[in-house]
Amino acid sequence: MDYPFNSIEKKWQKYWQEQQTFAAQDQSDDPKFYVLDMFPYPSGAGLHVGHPLGYIASDIYSRYKRHKGFNVLHPMGYDSFGLPAEQYAIQTGQHPKITTETNIATYRRQLDQIGFSFDWQRAVQTSDPSYYKWTQWIFIQLFNSWYNTKTDQAEDIQSLIHLFETEGNIDVNAHSDSTIEFSAEKWKSMSEMKQSEILMDYRIAYLANSFVNWCPALGTVLANDEIKEGVSERGGHPVERKKMRQWSMRISAYADRLLKGLETIEWSDALKEIQRNWIGKSEGASIRFKSTSSENEIEVFTTRPDTIFGVSFMVLAPEHELVEVLTTEAQKEEVAAYVKYAASRSERERMTEVKKVSGAFTGAYVLHPFSGESLPVWIGDYVLAGYGTGAVMAVPSGDQRDWDFAQHFSLPIPAVIEGQDVSQGADGRYEGRLCNSDFLDGLTVKVAIIKAIESIEKKGIGNGKVNYRMRDAVFSRQRYWGEPIPIYYKNDIPKALPIEALPLSLPEIDKYLPTEDGEPPLARAKEWNYGGNPIETSTMPGWAGSSWYFFRYMDQMRKDGMANKKSLNYWQNVDIYFGGAEHATGHLLYARFWTKFLNDRGYVKVDEPFKRLINQGMILASDGQKMSKRYGNVVNPDDIVAQYGADTLRLFEMFLGPLEQSKPWDTDSIEGVHRFLRKLWRLYHNAENNIDIVDAEGSKEELKVLHQCIKKVTEDIERISFNTAVSAFMICVNRLTELKCNKRSVLEPLSILIAPFAPHIAEELWLNMGHTHSICKVPYPMYEKKFLVEDAHKYPVSFNGKVRFTLDLPNEMDKKALEEAVLCSNEAKKWLGGKTPKKVIVVPQRIINVVL
RNA sequence: GCGGAUGUGGUGAAAUUGGUAGACACGCUAGACUUAGGAUCUAGUGCUUCACGGCGUGUGGGUUCGAGUCCCUCCAUCCGCACCA
């Protein structure tokens, strides 16, 4: 006798589809609950058994919440722009749209047969013009916004223009790259071009010349998070630093809010820590050092302003703009050679040769602001152009890198903290008192930092400052298969397209390659202009579409906005988000950034997109490697479903271990899970495979078993511990089988209990028990304490902490009586050995410990 | 180097608040039924000992009547960041 999973599963999948069982209600009196999975990129390889892991977990949670009376939004869609489809297009000439559609069809078929409760009506695809119209619209909002540091939020660029027109920019508090100051009169007298350039320094989506990560093999620039260990994350190609005019996102304006927001959301500590490190906040001071020979100043950032008297030289990054200005005639040749050498080194080399000290003396000197000493200015590539100001005040006594540099070039290493030994290396201690430091002498480090900043500010040579590691994100990609950036150039001035011109659809082109002049593929399009003005030819990066898709699901058909206000206010944000930790510094950061921006501009109600986040681990191949077509170790879920059914696959993936842990795929125990489902089936059916239950009250023991299971499973679902929930079902079914239980009052609640995990078999059992409607929205059984209380407890009795025997004792006994009962028992005599116990610890309902 | 996570049987793992370590499952051993079984059922299964018992949660220490759980030390593995001033 077997349970016919094949026909059952197909039947119910069809039923759910026809009945739209999982359609979320746009309006409802029920409380809302939003369960989301990370958007998949539909690759040509299809799903492997690792993909459904998170989807199964989120599906269990969604189905559970429906039983609990929530109006659940559980959508799925596709992050369908991306490199693989484009690369395939380059090789074969097939339009990426076609490849993408084929792949999506495969994904859909594979997902469907696992029985997920997605509301497919709401599906979105980022490459669909009706979707990317609003990605482009958001880009335009970003372009038309600036960051007001006074109100600490993004505002309409018009309010900034108004400020410029009335008072210039001197008193404007903005997150900006602007270094020039102007009055209202000056602003009004500027050309449109000049004004446009200035506004670019304020816009949140802006065009600027910046050092970018250029990947020649991919023919595009990459964001920092797309580079791992100095090579491109995709393909592992070398990356160069190159100065290019690119669209960027002023995410740095949000650094502090992105950091603070982490305290308000339920994410794993590991993930929060990754984001914290990425944002990289450090507090210190900004200090300017005057050149001895010109009006130039070198600005540095330091976290240890207390060690200002330990500065014995300055170091500039080779790319620093003052290098050329400051270098003396005598040193020109040497410095030029070094700059050339530094530029020739790839990021990779620079990273692997960290220990190798190199640099050159510029011949220039700056004045120490307090001692008036002359400090030589060097250049060295251990100083990064991209961090802080691209220059450091070298304190070799406290910083190992400075120490190495000083040692190598025989520069002085003055100690400034009492007891510091700098003969073998730097001593960056944070405790102790300052010495050789003039007015800081005798102060502790902590006090000296405050005092030093005070003095620096008083002298007008700098100020206390918070610095962030996170840079603005480069947004342009020189690719075809992405959202076109909705900008056109009128007389070389970038302007946003009007909303009527959206979506700016991808043009058809003859080849998906850059032009002969090295222009991006879109430059091949013949009619790529707006009213005769050229349109931007770069496209958006992969993370654009995925930075707001969770809002689109709330109202995916909307033609006059990203989603209507009512839906956005009702669904608000994602209650629980399932996905991998690999998106920590990419998608998860950008989505938070865009949400905060949309919130600032009043388009959405929430400040954080994902309230709770669960990182499912990876399923590795049985050889311990990642599952990949490349290694030929991919296990396809289709095969498992065909052999054992979807319910078995679902239970098995959950039973494998804790969701958040990575684990190898090991099918050895799949039989056990399948056996369990058959045992469950047999509990409801007789030997002839006919339903066999009676309308009777469960016995005391049966109800106890059931309610233990209800309690355990409910708690386990809430804390996303699905492996232990599956064991609880096994224990329950084993016990009920032993008890030969076939009572409706026990088996009906059990079928509801297991429905989120094994929905197909649960529906079938429910139907066979005589119900005419789907089990999916039947209220979840409630655990009742009264079924679990017992008259007696089986006490483990230990002597000096070692358990020797157990003793059944009634619950109404008090501590004293329990103690006496134990000491009088026959077993106790043996262990007491005639001695009188020093102490007896009695913990009612738990243990008894006799101390001898 | 810095930060995070994890170390429990032959295997995947459980132990949610400090209270019978190894639930549940795989595997293995023996048996039953059977023409047969990769079906089903029963019993056993941490290590060690003939046994009483002893020992057991990466290492070493500590707190406690009692520690997988709390504190300190060290080790290993995995992940993230990595010249971040």
Side-chain angles (χ1 to χ4, degrees), chain A residues 1-2 228-230 268-278 280-282 284 300-304 307 315 350-351 353-357 380-384 386-395 398-402 404-405 428 467-471 581-582 584-585 615 617-618 651-652 655-658 660-664 666-673 675-676 678-679 682 712 715-716 718-719 721 723-734 794-806 830 837-843 845-852:
Chain A
M1 175 187 100
D2 210 350
K228 298 272 135 100
E229 286 165 26
S268 70
D269 289 339
L271 204 82
K272 286 186 183 182
E273 203 54 35
I274 292 172
Q275 289 211 343
R276 277 191 201 107
N277 288 341
W278 186 261
K281 180 178 183 170
S282 50
V300 299
F301 173 76
T302 177
T303 53
R304 294 292 299 269
T307 61
V315 190
R350 207 162 139 154
M351 285 169 74
E353 294 170 16
V354 162
K355 290 269 137 41
K356 204 170 135 190
V357 177
D381 72 356
Y382 82 93
V383 176
L384 303 175
Y387 182 78
T389 59
V392 300
M393 57 175 223
V395 183
D399 185 290
Q400 191 57 43
R401 295 154 302 173
D402 295 341
D404 291 339
F405 197 85
N467 205 40
Y468 296 93
R469 191 184 80 98
M470 185 170 66
R471 316 309 318 156
E582 66 272 21
T585 53
N615 283 127
M618 236 183 327
L651 283 183
F652 176 62
F655 193 58
L656 229 36
E660 310 202 3
Q661 208 168 291
S662 286
K663 52 236 155 188
D666 175 11
T667 47
D668 281 353
S669 58
I670 199 165
E671 292 284 352
V673 172
R675 228 171 268 166
F676 158 73
R678 286 163 42 176
K679 206 163 174 181
R682 278 204 305 274
K712 175 80 177 141
E715 285 169 2
D716 284 352
E718 295 287 357
R719 64 188 180 106
S721 175
N723 54 328
T724 51
V726 175
S727 340
F729 285 126
M730 289 173 168
I731 292 166
C732 180
V733 169
N734 286 347
K794 192 173 197 169
Y795 282 91
V797 180
S798 46
F799 288 76
N800 290 337
K802 287 196 173 99
V803 177
R804 297 304 184 183
F805 58 89
T806 60
K830 174 177 157 197
K838 280 191 197 130
K839 204 193 220 178
V840 180
I841 312 277
V842 178
V843 185
Q845 310 288 298
R846 287 221 187 261
I847 53 106
I848 293 164
N849 188 19
V850 181
V851 187
L852 290 175

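Quick caveat: nothing in here was measured; it's all calculated off a predicted structure. Side chains included, hydrogens not; waters and symmetry mates left out as well; all remaining heavy atoms used. Reminder, nothing fancy here: chain letters follow the sequence lines and each chain counts from 1.
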Item to check | T303(A), nearest nucleotide to its side chain (from rA85(B), rG12(B), rC84(B)) | outcome: rA85(B)
Checklist entry - Is there a Watson-Crick or G-U wobble partner for rU6(B) with both distances under 3.5 Å, and which nucleotide is it? => result rA76(B)
Checklist entry - Closer to the 5' end of RNA chain B via nearest nucleotide, is it D666(A) or G801(A)? => result D666(A)
Checklist outcome for this item: Closest of rC24(B), rA85(B), rA13(B) to the L384(A) side chain is rA85(B)
Item to check | Q661(A) vs rC78(B): side-chain N/O to OP1/OP2 distance below 4.0 Å | outcome: no
Item to check | Nearest listed nucleotide, side chain of K794(A), among rG4(B), rU20(B), rC24(B) | outcome: rU20(B)
Checklist entry - So which nucleotide from rG4(B), rA13(B), rC84(B) ends up closest to the side chain of P658(A)? => result rA13(B)
Checklist outcome for this item: Judged by nearest nucleotide, the residue sitting upstream toward the 5' end of RNA chain B, K802(A) or V673(A), is V673(A)
Next on the checklist: On the nucleotide rG54(B), are OP1 or OP2 found under 4.0 Å from the side-chain N or O atoms that R804(A) carries?
Outcome noted: yes
Checklist entry - Is a donor-acceptor contact shorter than 3.5 angstrom present between the side chain of K663(A) and the base of rU11(B)? => result no
Next on the checklist: Checking contacts here: which listed nucleotide (rC83(B), rU16(B), rC84(B)) is nearest the side-chain heavy atoms of E715(A)?
Outcome noted: rU16(B)
Checklist entry - Looking at rC81(B), does its base get a donor-acceptor pair with the side chain of N277(A) below 3.5 Å? => result no
Item to check | Closest to the S669(A) side chain, choosing from rU17(B), rC26(B), rU40(B) | outcome: rC26(B)
Checklist entry - Can you find a side-chain donor-acceptor pair between N734(A) and K679(A) that sits under 3.5 Å? => result yes
Checklist entry - In terms of side-chain heavy atoms of M730(A), which of rA25(B), rU20(B), rG19(B) is nearest? => result rA25(B)
Checklist outcome for this item: Checking N1-N3 plus N6-O4 or O6-N4 for Watson-Crick, or N1-O2 and O6-N3 for wobble, each under 3.5 Å, the partner of rU45(B) is rG27(B)
Item to check | Base-pairing assignment for rG1(B) (Watson-Crick or G-U wobble, both under 3.5 Å) | outcome: rC81(B)
